[in-house]
There are 2 protein chains.
Amino acid sequence: MQTLTRNQQIIFDIINKSSEPLKAYTILSNVQKKGIKAPPQVYRALDKLIEMGKIHKIESKNAFVACQNSSCNVSKATAFSICESCEEVTEISNSKISKYLSNFAEKAGMEYKKYNLEFFGLCKKCK
Amino acid sequence: MQTLTRNQQIIFDIINKSSEPLKAYTILSNVQKKGIKAPPQVYRALDKLIEMGKIHKIESKNAFVACQNSSCNVSKATAFSICESCEEVTEISNSKISKYLSNFAEKAGMEYKKYNLEFFGLCKKCK
DNA sequence: AGTTTATTGTTATAAAATAACATTATGTAA
DNA sequence: TTACATAATGTTATTTTATAACAATAAACT
Ligand SMILES: [Zn+2]
Ligand SMILES: [Zn+2]
Ligand SMILES: [Zn+2]
Ligand SMILES: [Zn+2]
């Protein structure tokens, strides 16, 4: 259980409190009062947080969310559903999918280290 | 079977001939001699080609590949394996995965229109 | 204490994508 | 064919996202 540095903690807190995925420059504008002034400071913290599995990047949106799973195997296996109407992003509890996809990869002779799955559609509220 | 416009055809040909995913600005620099001079021309063609299912975007790389499937349901269901060493990208023939994931989504009460799955690891050559 | 390694601060720039608006081509219907 | 609508193109400028490069601090290790 790795301890976060100051910048990492500040940036994690903002992402974790947010109800929606945050973009790097949105984060930046929200932490400038705390002394984090430039993009590299944000991106460096994001990179580390991703490495630690504390946050994930939603690739299709260039945005970042806190991990909801604590069990997604240090960010080696991530799955999300993304509402195309309200933009809500939900991390899918991935034990079954994960098992299925590992199995699939093994049979296919793929030596994968990581996967990311993104579903797009309508959430319960919006459909 | 929709017919491509001039710009769409030029850009599709380049992507289709390429053995690796191409980035938008790489494409641009390769078509300037053919009169396509500015980013919007490239991005517009890319958008249409994606809509038609002729190409896919590899979200994690901001790069584009020609569809290898002709059966990926007009780009509603895409899956790739990506080599982290040589950058090779292979489109996974997705009928089984597709069936499994549709099923999963249905059970979860998700009304999804589309999904994208990206595996990262080492290809056969590199492992 | 001295050395190495990780993190931070800072400026500048690169890379990816879109906004806005004018122009031309294509399809459709009278 | 002409008139109208729709789609595609051309063009300039700008926005958004991400990284390079290098100096300064802080933390960890011997
Ligand atoms: Zn997670
Ligand atoms: Zn919604
Ligand atoms: Zn395909
Ligand atoms: Zn490889």
- Using the side chain to side chain donor-acceptor pair (under 3.5 Å) rule, take A:E59 and B:S60 through it: C-alpha gap first, then chi angles, then the decisive distance, then the call. CA-CA 6 Å; A:E59 291 287 354; B:S60 61; 5.5 Å; no
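One can place CD of A:Q41 at 15 Å from C1' of C:dA6, the figure rounded to the nearest angstrom. Taking atom CD of residue B:Q32 and atom P of nucleotide D:dT11, one finds them 12 Å apart after rounding to whole Å. Distance A:R6 CZ to D:dA27 C1': 16 Å, rounded to the nearest Å. The separation between B:D47 atom CG and C:dA19 atom C1' is 14 Å, rounded to whole Å.
Among C:dT18, C:dT7, D:dG10, the nucleotide with an atom closest to any side-chain atom of B:P39 is C:dT18. Taking only side-chain atoms of B:R44, from C-beta outward, the nucleotide of C:dA20, D:dA21, C:dT7 with the closest atom is C:dA20. Which of D:dC22, D:dA18, D:dT9 sits closest to the side chain of A:A24 comes down to D:dA18. Side chain of A:N62, nearest nucleotide from C:dA17, D:dT17, C:dT11: D:dT17. Across D:dT17, D:dG10, C:dT18, the shortest atom-to-atom separation from the side chain of B:Y43 is found for C:dT18.
Of the two residues contacting DNA chain C, namely A:K37 and A:Y25, the nearest-nucleotide position lying further toward the 5' end is that of A:K37.
In this structure, B:K57 reaches the sugar-phosphate backbone alone: every heavy-atom distance under 4.0 Å involves primed, P, OP1 or OP2 atoms, never a base.
Under the 4.5 Å side-chain heavy-atom criterion for grouping Ile, Leu, Val, Met, Phe, Trp and Tyr, B:I50 is connected to B:I36 within one hydrophobic cluster.
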